[in-house]
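Report on the structure given below.
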Amino acid sequence: MIRRVGQLLLVLVALGGATYLALGVALYALQDRLVFPAPGGIDRASLDAAAGEVGARPVDLVAADGTPLYAWHLVSRGERLVLMLTGNGETVASYVPLYRLLNRNGWDVLVLAYRGYPGSGGAPSEAGLGMDAQAAWDWAVARYRPERVVVHGRSLGGGVAAMLVAGEANPAGLVLESTFTSVRDLAKRTAPLYPVDLLLRSPFDTRSRAPGLGVPVLLMHSSDDRVIPPDLGGRSLQHVIAEVQYEEVAGLSHQQCLPLADPKLRKVYLGFLESRVPR
């Protein structure tokens, strides 16, 4: 009897180990789909048609590795620009009301489609999105002075924006909306039993880049964000950024654009932009 119990325990341990290994392999194989869930079923023609409806001009860019990229350019006065870097499940058309708000307040907008996302070629990765953001920045500063450009990164776009601004880009300011300390931190909380550091290909370590940003930063987060909790986002990042303004609101989800959904934050957001690049 004891022998049979021992054999059963060995089988259960083996099954548990096999399940743990299988889940780890699945997480490693599927991580790009989780980090970069690009919307499907949207082609260039439909984006161009949407651009015409909202007054945007389609822009073709090329990343340093030759990947073709797509963007929208919405012009107000042609004097100052917000470079918008969107979240991981979004397209260039996701925030038309925000673009209109910015245009009404004298801001032009350049919004980028990352590689692998509707309108652009290639497949996404952390390094690839870094090259994409650099291509958008290079296009922007060929037309606007760097001190007339503010970068706005939302969710995953905050990680991309931090990578850009911690590098060679020198904008007038940076807005990080509903973004994370790192994808690694999120993964460790979601899957604490796995060696995330060994499995993760795109850690987007914004926390380590934050001290090197070198520009004034507006951080915005909701205390009710369930996708990126504020303790893994703005609430923690504020302590590692040299020049920062942190604004936290309640009652808004991760999917909501904070400057649009909250009147107070809208005023703070527009005020920050105006303070960085006055008319």
Arg266 with Glu247: basic N within carboxylate O range, under 4.0 Å = no
Would you call Glu274 and Arg80 a salt bridge, using N to O less than 4.0 angstrom?
-> yes
Taking every non-hydrogen atom, the tightest pair across Leu47 and Pro118 = CD1-O, 3.4 Å
What is the distance from atom CG of Leu174 to atom CG of Leu218, rounded to the nearest 0.5 Å?
-> 9.0 Å
Give, for atom CG of Leu156 and atom CG of Leu85, the distance between the pair rounded to the nearest 0.5 Å.
-> 9.5 Å
Check ion pair Arg44-Asp48 (N to O, under 4.0 angstrom) = yes
Is Ser208 reaching over with its side chain to a backbone N or O of Asp205, donor-acceptor style, under 3.5 angstrom?
-> yes
Verify the distance criterion only: is there a donor paired with an acceptor across the side chains of Thr67 and Asp65 at less than 3.5 Å?
-> yes
Which pair of non-hydrogen atoms, one from Ala123 and one from Arg115, has the smallest distance, and what is that distance?
-> O-CD, 3.2 Å
Is there a side-chain contact between Glu177 and Pro259 (heavy atoms, below 4.5 Å)?
-> yes
Does Val141 offer a backbone N or O that forms a donor-acceptor pair with the side chain of Arg145 under 3.5 Å?
-> no
Would a 4.5 Å heavy-atom cut-off, applied to side chains only, mark Gln134 and Leu164 as touching?
-> yes
Would you find a donor on one side and an acceptor on the other, under 3.5 Å apart, between the side chain of Asn105 and the backbone of Leu101?
-> yes
Considering only NZ, NE, NH1 and NH2 on the basic side and carboxylate oxygens on the acidic side, decide whether Arg279 and Glu79 come within less than 4.0 Å.
-> no
Look at the side-chain heavy atoms of Ile, Leu, Val, Met, Phe, Trp and Tyr, link any pair under 4.5 Å apart, and say whether Leu110 and Met163 land in one connected group.
-> yes
Any ion pair linking Arg148 and Asp108 (charged N to carboxylate O, less than 4.0 Å)?
-> no
When rounded to the nearest 0.5 angstrom, what is the spacing between OG in Ser202 and CG in Asn88?
-> 11.5 Å
Should Val150 and Val175 count as side-chain neighbours, where that means a heavy-atom distance under 4.5 Å?
-> yes
When rounded to the nearest 0.5 angstrom, what is the spacing between SG in Cys257 and CG in Asp262?
-> 11.0 Å
Stepwise side-chain contact (heavy atoms from CB on, under 4.5 Å) check, Asn170 with Glu168 = CA-CA 6 Å; Asn170 55 335; Glu168 298 179 2; over 6 Å; no
Got a second to check how far Arg104's CZ is from Ser76's OG, nearest 0.5 Å?
-> 10.5 Å
Stepwise side-chain hydrogen bond (donor to acceptor under 3.5 Å, both in side chains) test for His254 and Ser222 | CA-CA 7 Å; His254 184 76; Ser222 171; over 6 Å; no
Which atom names give the shortest non-hydrogen contact between Leu213 and Ala166, and what distance separates them?
-> CD2-N, 4.0 Å
Indicate if Leu258 and Leu237 have the same hydrophobic cluster label, given that clusters are the connected sets of ILVMFWY residues with side-chain heavy-atom separations under 4.5 angstrom.
-> no
Look at the side chain of Ser182 and the backbone N and O of Phe204, then say whether any donor-acceptor pair between them is shorter than 3.5 Å.
-> no
Given side chains that start at C-beta, do those of His221 and Leu176 come closer than 4.5 Å, heavy atoms only?
-> no
Check step by step if side-chain contact (heavy atoms from CB on, under 4.5 Å) holds for Val35 and Asp32.
-> CA-CA 5 Å; Val35 177; Asp32 287 347; 5.6 Å; no
Apply side-chain contact (heavy atoms from CB on, under 4.5 Å) to Arg189 and Asp231, showing your working.
-> CA-CA 11 Å; Arg189 179 166 294 184; Asp231 66 307; 2.8 Å; yes
Heavy-atom distance under 4.5 Å between the side chains of Tyr114 and Val160, does that happen here?
-> yes
Can any side-chain N or O of Asp132 pair as donor or acceptor with the backbone N or O of Ala136 at less than 3.5 Å?
-> no
Which atom pair, heavy atoms only, marks the closest approach of Trp72 to Ala93?
-> CH2-CB, 3.6 Å
Keeping to residues at least two apart or across chains, list the salt bridge (charged side-chain N to carboxylate O under 4.0 Å, His left out) pairs with something in residues 89-100.
-> Glu90-Arg154
How close do Ala210 and Ile241 get, heavy atom to heavy atom, and via which atoms?
-> CB-CG1, 3.7 Å
Is the closest side-chain heavy-atom distance between Glu126 and Arg201 below 4.5 Å?
-> no
In the single-linkage hydrophobic clustering (I, L, V, M, F, W, Y; side-chain heavy atoms under 4.5 Å), do Val151 and Phe272 co-cluster?
-> no
For the residue pair Ile228 and Leu186, establish whether any side-chain heavy-atom pair is separated by less than 4.5 Å.
-> yes
In one Ile/Leu/Val/Met/Phe/Trp/Tyr side-chain cluster, 4.5 Å: Val249, Tyr95 | yes
Taking Ser155 for the side chain and Thr179 for the main chain, is one N or O donor matched with an acceptor at less than 3.5 Å?
-> no
Heavy-atom side-chain proximity of Tyr117 to Thr86 below 4.5 angstrom | no
Provide the closest heavy-atom pair for Pro39 versus Gly89 in the form atom of the first, atom of the second, distance.
-> CG-O, 3.3 Å
Show the numbers, then the answer: is there a side-chain contact (heavy atoms from CB on, under 4.5 Å) between Leu112 and Leu61?
-> CA-CA 9 Å; Leu112 172 69; Leu61 307 173; 4.0 Å; yes
Single-linkage hydrophobic cluster Leu273~Tyr246, side-chain heavy atoms < 4.5 angstrom = no
Measure the spacing between NE2 of His73 and CG of Leu81 and express it to the nearest 0.5 Å.
-> 5.5 Å
Does the side chain of His152 pick up a donor-acceptor pair with the side chain of Tyr269 at under 3.5 Å?
-> yes
